Visitor: 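Structure incoming, see below.
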Protein chains: 2
Amino acid sequence: MLLDEDLHIAPNCGSCPIRHRAVCARCESTELAALEDIKFYRSFQAGQTLIWSGDRMDFVASVVTGVATLTQVMEDGRTQTVGLLFPSDFVGRPGRDTAPYNVIATTDVMMCCFRKKPFEELMARTPHIGQRLLEMTLDELDAAREWMLLLGRKTAREKIASLLAIVARRDAGLQGQVRQRQVTFDLPLTREAMADYLGLTLETVSRQISALKREGIIELAGKRTVHVPDIDRLIEEAADDADGGMPG
Amino acid sequence: MLLDEDLHIAPNCGSCPIRHRAVCARCESTELAALEDIKFYRSFQAGQTLIWSGDRMDFVASVVTGVATLTQVMEDGRTQTVGLLFPSDFVGRPGRDTAPYNVIATTDVMMCCFRKKPFEELMARTPHIGQRLLEMTLDELDAAREWMLLLGRKTAREKIASLLAIVARRDAGLQGQVRQRQVTFDLPLTREAMADYLGLTLETVSRQISALKREGIIELAGKRTVHVPDIDRLIEEAADDADGGMPG
DNA sequence: GGGACTCTTTGATCTGCGTCAAAGCAGGTG
DNA sequence: CACCTGCTTTGACGCAGATCAAAGAGTCCC
């Protein structure tokens with residue numbers, strides 16, 4: 001049996017530096033105890049499709065370990081990833097019964113699932129959970145809109161830097177090592193998966209990563225392990241900011 | 001004084017063919033009667049910025065007439081529109097007190113505003129409203145993710161066709177003329193605003209519109225009025241679909 | 001060890017869209 | 001009317017990133 005610390009009811013959710021947060025044990029431990037009865041676990045291998053777009057969903061779930069993507073595919077095969085799921089992120093929606101996207105494990109993944117009906121009943125009984133879900137959804141909406149800026153207006157280099165910065169932040173958050181200048185992390189995505197998330201081709205992804213390496217902004221150990229000697233320099237490359245002008 | 005039919009509490013919201021729906025009078029007329037006390041109206045001219053990114057928001061609001069955009073601007077001026085607001089769409093979020101985007105009127109706009117604090121209190125008293133807001137937010141999230149596919153993977157021509165199809169549908173929805181083969185509507189956006197929404201330049205937008213006109217897929221009367229002789233042909237150009245594969 | 005994979009890198013070439021420039025076309029105003 | 005001013009169209013050209021092609025590198029299995 002798994003320990004509670006591993007679950008979506010993760011005690012660290014409050015300190016998670018990025019936007020997707022799960023229901024937190026700290027805030028509502030008593031209500032969530034009831035969830036114990038209706039939850040179960042599923043494991044998947046890297047590359048496996050957890051959920052196919054259009055599938056009936058009779059559960060909601062949250063990622064315990066690993067990383068998965070939400071992906072849309074056009075008839076002719078063009079693919080766009082519309083979300084990354086890290087540990088503590090939520091999948092599936094109360095009130096919706098077919099999946100709108102493919103959910104694909106990009107590393108080995110463990111999910112904690114809740115049967116949808118009892119979960120919805122619990123939600124009805126516990127307004128706090130609904131509020132939390134609304135807050136999480138708003139965070140996802142903000143993240144999606146930030147990604148729209150990236151897809152619509154950033155150069156290939158900026159896109160890569162943005163993605164690396166985001167993965168670095170989430171990874172650092174999971175390991176509790178926030179606010180350090182140097183970071184080392186494993187890329188949970190293949191070049192192709194990165195390309196699908198960034199609206200590029202895998203060749204362009206590879207070339208831009210090589211360029212960042214050549215310029216010393218990142219260092220690679222193997223293909224997946226990335227070391228960032230100065231995170232601020234990376235963030236600079238990402239052109240990450242979103243500010244309007246001044247009133248007037 | 002304005003008539004209730006004009007408001008976000010619009011009786012037609014249930015039949016609105018697209019994703020952003022507002023709180024509906026049909027479902028919860030009694031609770032919303034209380035909103036009468038805390039609401040007020042504001043008008044804006046085309047081109048005016050209603051809300052600046054970073055501004056303090058002490059109200060939430062809903063569009064009564066006209067069209068506005070949600071827009072992000074990078075330091076160097078690159079601009080990406082991340083949402084279109086049509087009549088009945090909602091602006092601002094309970095629980096968030098600064099605006100994350102510029103909200104810009106692209107036509108003359110009338111908004112119906114509610115002071116945030118009383119609105120939040122009402123929400124706490126009326127779980128139904130919270131549920132509705134969650135549902136609306138999920139719809140917006142889906143729309144944002146659909147737009148990510150457009151921004152990341154569609155060609156300029158497909159982008160234009162997609163935008164025209166969406167405006168046609170929303171416009172037709174407002175006028176109650178759903179499911180007709182021919183549609184005529186006014187573009188509520190300048191070429192530049194379209195470009196900012198589609199991740200293109202205004203020149204490319206202009207060229208692609210000219211091309212669609214040349215091929216008889218659309219007809220123009222003036223610069224803003226569009227007639228679509230066969231909506232299915234337009235939708236075909238939009239390459240609009242998002243389907244995964246089959247299970248296996 | 002040596003295939004057979006899968007994933008990644010790198011090179012050569014092509015092209016869709018961006019950039020720069022100029023002209024057309026309202027609608028408003030003195 | 002002539003003259004703005006703001007929006008749109010069209011043309012010529014260049015480039016970032018796509019496409020096509022091939023070779024490297026790691027891992028698994030016999």
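Convention: sequence-line order gives letters A, B, ...; per-chain numbering from 1. Given the structure is predicted, the values throughout are model-derived calculations rather than measurements.
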Visitor: Using whole Å, what does the distance between atom P of nucleotide D:dT8 and atom CG of B:Leu187 come to?
Guide: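 Rounded to the whole Å, the gap is 9 Å.
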
Visitor: Can you say whether the rings of A:Phe59 and A:Phe40 are parallel (under 30°), tilted (30 to 60°) or perpendicular (over 60°)?
Guide: perpendicular

Visitor: For B:Gly47, report the nucleic acid contact type (base, sugar-phosphate, nothing); a contact means any heavy atom under 4.0 Å.
Guide: nothing

Visitor: Please figure out whether B:Thr204 or B:Lys223 has its closest DNA chain C nucleotide nearer the 5' end.
Guide: B:Thr204

Visitor: Please pick, from D:dG17, C:dT8, D:dT10, the nucleotide with the shortest atom-to-atom distance to any side-chain atom of A:Ala156.
Guide: D:dG17

Visitor: Grab the CG-P distance between A:Leu220 and C:dT10 for me, whole Å please.
Guide: 10 Å

Visitor: Choose from D:dT10, C:dT8, D:dA18 the nucleotide whose nearest atom is closest to any side-chain atom of B:Ser206.
Guide: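 Closest of the options to the side chain of B:Ser206: D:dT10.
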
Visitor: Measuring from the side chain of B:Ser210 (C-beta onward, heavy atoms only), which nucleotide among D:dT10, C:dT10, D:dT8 has the closest atom?
Guide: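 Side chain of B:Ser210 sits closest to D:dT10.
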
Visitor: In whole angstrom, give the distance that lies between atom CZ of A:Arg78 and atom C1' of D:dA18.
Guide: 13 Å

Visitor: Reading DNA chain C from 5' onward, which residue's closest nucleotide shows up sooner: A:Arg153 or A:Arg214?
Guide: A:Arg214

Visitor: Side chain of A:Thr155, heavy atoms from C-beta onward: which of D:dG17, D:dA25, C:dT10 has the nearest atom to it?
Guide: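 Selected nucleotide: D:dG17.
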
Visitor: Expressed as a whole number of angstroms, how long is the span from B:Leu189:CG to D:dT8:P?
Guide: 10 Å

Visitor: Which nucleotide wins on minimum distance to the side chain of A:Leu200, given the candidates C:dT19, C:dC17, D:dA18?
Guide: D:dA18

Visitor: Measure CD1/B:Ile160 against P/C:dC17 and give the value in whole Å, please.
Guide: 10 Å

Visitor: State whether the distance check finds a donor on one side and an acceptor on the other, under 3.5 Å, for side chain A:Arg207 versus base C:dG11.
Guide: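 Such a pair exists between side chain and base.
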
Visitor: Using whole Å, report how far CD of A:Gln208 lies from C1' of D:dG17.
Guide: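 The answer, rounded to whole Å, is 9 Å.
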
Visitor: With no hydrogens and no angle check, is any side-chain donor or acceptor of B:Lys159 less than 3.5 Å from a backbone partner on B:Leu198?
Guide: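 Checked: pair present.
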
Visitor: side-chain hydrogen bond (donor to acceptor under 3.5 Å, both in side chains) for A:Asp186 and A:Thr225? Distances and angles first, verdict last.
Guide: CA-CA 4 Å; A:Asp186 264 22; A:Thr225 304; 2.7 Å; yes

Visitor: Considering only side-chain heavy atoms of B:Thr201, which listed nucleotide, D:dT9, D:dG24, C:dG18, is closest?
Guide: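 Given the options D:dT9, D:dG24, C:dG18, the side chain of B:Thr201 is closest to C:dG18.
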
Visitor: In whole angstroms, how far is the P atom of C:dG18 from the NZ atom of B:Lys159?
Guide: 7 Å

Visitor: What is the distance, rounded to the nearest whole Å, between atom CG of A:Leu212 and atom C1' of C:dT9?
Guide: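 In whole Å, C:dT9 C1' lies 15 Å from A:Leu212 CG.
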
Visitor: Using a 4.0 Å heavy-atom cut-off across all strands, classify A:Arg224 as base, sugar-phosphate, or nothing.
Guide: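 The answer is sugar-phosphate, as A:Arg224 gets under 4.0 Å only of primed atoms, P, OP1 or OP2.
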
Visitor: What's the spacing between A:Gln48 CD and A:Ser43 OG if we round to 0.5 Å?
Guide: 9.5 Å

Visitor: Does B:Asp196 form a salt bridge (Lys or Arg N to Asp or Glu O under 4.0 Å) with B:Arg78? I'd like the steps, not just the answer.
Guide: CA-CA 9 Å; B:Asp196 285 341; B:Arg78 280 177 282 176; over 6 Å; no

Visitor: Consider the side chain of B:Glu203, meaning its heavy atoms from C-beta on, and name the nucleotide among D:dT19, C:dT8, C:dT19 that approaches it most closely.
Guide: C:dT19

